[in-house]
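First comes the structure, then the notes that go with it.
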Protein chains: 2
Amino acid sequence: MSIETDIKQKKFRSPYQKLALNLVYTTKWLEYKQLESFKEHDITPQQYNVLRILRGQQGNPIKVSDITERMLDKSSNTSRLVDKLLAKNLAKRTSCESDRRAVDVVITEEGLELLKVLDPFIEDWENRFNIISEAEAEQISALLDKLRENED
Amino acid sequence: MSIETDIKQKKFRSPYQKLALNLVYTTKWLEYKQLESFKEHDITPQQYNVLRILRGQQGNPIKVSDITERMLDKSSNTSRLVDKLLAKNLAKRTSCESDRRAVDVVITEEGLELLKVLDPFIEDWENRFNIISEAEAEQISALLDKLRENED
DNA sequence: ATACATTTAATGTAGAAACATTTATTGGCA
DNA sequence: TGCCAATAAATGTTTCTACATTAAATGTAT
């Protein structure tokens, strides 16, 4: 369905306004859809994001501040997110030898297993994007990168 | 900056995964940037969204449920959002004659004035999108619409 | 070495979001 | 008409977010 129909707005100030609204609307739509899979496993999108980053480390520990750097939402409180993962035995926390201010985090076996269960759902969602071509996907990505260049 | 650099991930499973992450990341970036303008005027993005919808009515009252239908985030609690606008004298609420369950909402002069102050900031943001062409913006919008077609 | 700014993580707090439930009204229909 | 499901909005509650503050460790300059 077109954004015009979805938010019942017939006209936009410019193609740029329309794109801005469409970006926000489509992302909320995507997050809402993915949320359904996450809820079943008692995990939030942000906790999932941290778990994915931990798995990407392939066994190597990673500091809390480095997790934040890699997150999609950099304003999130990584400390508390790690707390939640800890409480569910999805991650473990050890003090960092080289810098005693820092805290090293590693994913547990249980965390890896949860990701293995979630993987097919997420991949399924991503694959539905193939309603557009790979080239088109790459092109949108490139344009999004370009939009963000315009820093202030 | 490329999404690869921003979230420090070198490889993606597919262009579709990359696009999914880029959509979420770029929208968070955009929301965060706009938040700065909103905060100065003690308003949240969702309250702004409601105000814009109210202004779009051009003086005609609109029911709470119809506001929800037009919002970018349809899962939001419109009742409480309207409460906040009321408390700040940005909107008024009158009971609907034809259906006493419903509540009619109208923007106030003060609300219109606040939007007038915010307009240039928002337009400025949207105009920065002209780093890409109008045609490209339309094209991305069309592709985003296409992505959402894939309902479940 | 000491003082002071910086970095890292954790915590306190107010406000907002998410989700279910409640209350009032309406519409349909037996 | 009377009953019941459906709808509209408000409210209760728990959790999360945003933001500031704190506390400990480190780096740096004098």
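In the text below, chain A, chain B and the rest are named by the order of the sequence lines, each starting its count at 1.
- Contact annotation: B:S79 side-chain N/O to D:dA9 OP1/OP2 distance is not under 4.0 Å.
- The side chain of A:K84 lies closest to D:dC16 when the candidates are D:dC16, D:dC19, D:dA9.
- Here the side chain of B:N49 pairs no donor or acceptor atom with the backbone of B:M71 at under 3.5 angstrom.
- With rounding to whole Å, B:D42 atom CG is found 12 Å from D:dC19 atom P.
- A donor-acceptor pair under 3.5 Å is absent between the side-chain atoms of B:E136 and the main chain of B:I132, judged by distance alone.
- Surrounding CD of B:E97 are at most 12 heavy atoms belonging to other residues, nucleotides or ligands under 6.0 Å away.
- Going from atom CG of A:N49 over to atom P of D:dC16 covers 16 Å, rounded to whole Å.
- Atom NZ of A:K92 sits in a sparse spot, with 12 or fewer heavy atoms from other residues, nucleotides or ligands closer than 6.0 Å.
- Contact check of residues 55-74 of chain A against DNA chain D (heavy atom, cut-off under 4.0 Å) returns no residues at all.
- Scanning DNA chain C 5' to 3' for nucleotides with an atom closer than 4.0 angstrom to a non-hydrogen atom of chain A gives a first and last hit of C:dT7 to C:dC19.
- For the pair B:I62/B:R70, a side-chain contact is recorded, criterion being any heavy-atom separation below 4.5 Å from C-beta on.
- Between A:H41 and A:F121, the ring planes are tilted. Angles from 30° to 60° get that label.
- With respect to the salt-bridge test (charged N to carboxylate O, under 4.0 angstrom), the residues A:D145 and A:R148 qualify.
- Rounded to whole angstrom, the span from the CG atom of B:N77 across to the P atom of D:dG12 amounts to 12 Å.
- With respect to B:D124 and B:R128, a salt bridge is recorded, a charged nitrogen being found less than 4.0 Å from a carboxylate O.
- Among the protein residues, A:S76 comes within range of no part of the nucleic acid, since none of its heavy atoms lies under 4.0 Å from any strand.
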TODO: Dump the intermediate steps for side-chain contact (heavy atoms from CB on, under 4.5 Å) on A:V106 and A:L54, then the final yes or no.
DONE: CA-CA 6 Å; A:V106 183; A:L54 292 180; over 6 Å; no
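- Against DNA chain C, the stretch residues 85-104 of chain B makes heavy-atom approaches under 4.0 Å through B:D99, B:R100, B:R101.
- Distance A:Q46 CD to D:dC16 P: 10 Å, rounded to the nearest Å.
- Atom C1' of nucleotide D:dC19 and atom CZ of A:R80 are separated by 11 Å, given to the nearest angstrom.
- Projected onto DNA chain C by closest heavy-atom contact, B:T44 and A:L35 fall at different nucleotides, the more 5' of which corresponds to B:T44.
- Here D:dA9 presents its P atom at 13 Å from CG of B:L81, a figure rounded to the nearest Å.
- At D:dA18, none of the side-chain N or O atoms of B:K39 fall inside 4.0 Å of OP1 or OP2 (strictly under the cut-off).
- Going from atom CD of B:E40 over to atom P of D:dC19 covers 13 Å, rounded to whole Å.
- A perpendicular orientation is assigned to the rings of B:F129 and A:Y16, their planes being inclined by more than 60° (bins at 30° and 60°).
- Salt-bridge formation is detected for the pair A:D119/A:R55: a Lys NZ or Arg NE/NH1/NH2 atom is positioned less than 4.0 Å from an Asp or Glu carboxylate oxygen.
- Computed from coordinates, the B:E36 CD to D:dC19 C1' distance equals 14 Å when rounded to whole Å.
- A side-chain donor-acceptor contact under 3.5 Å links B:K88 to the backbone of B:D42.
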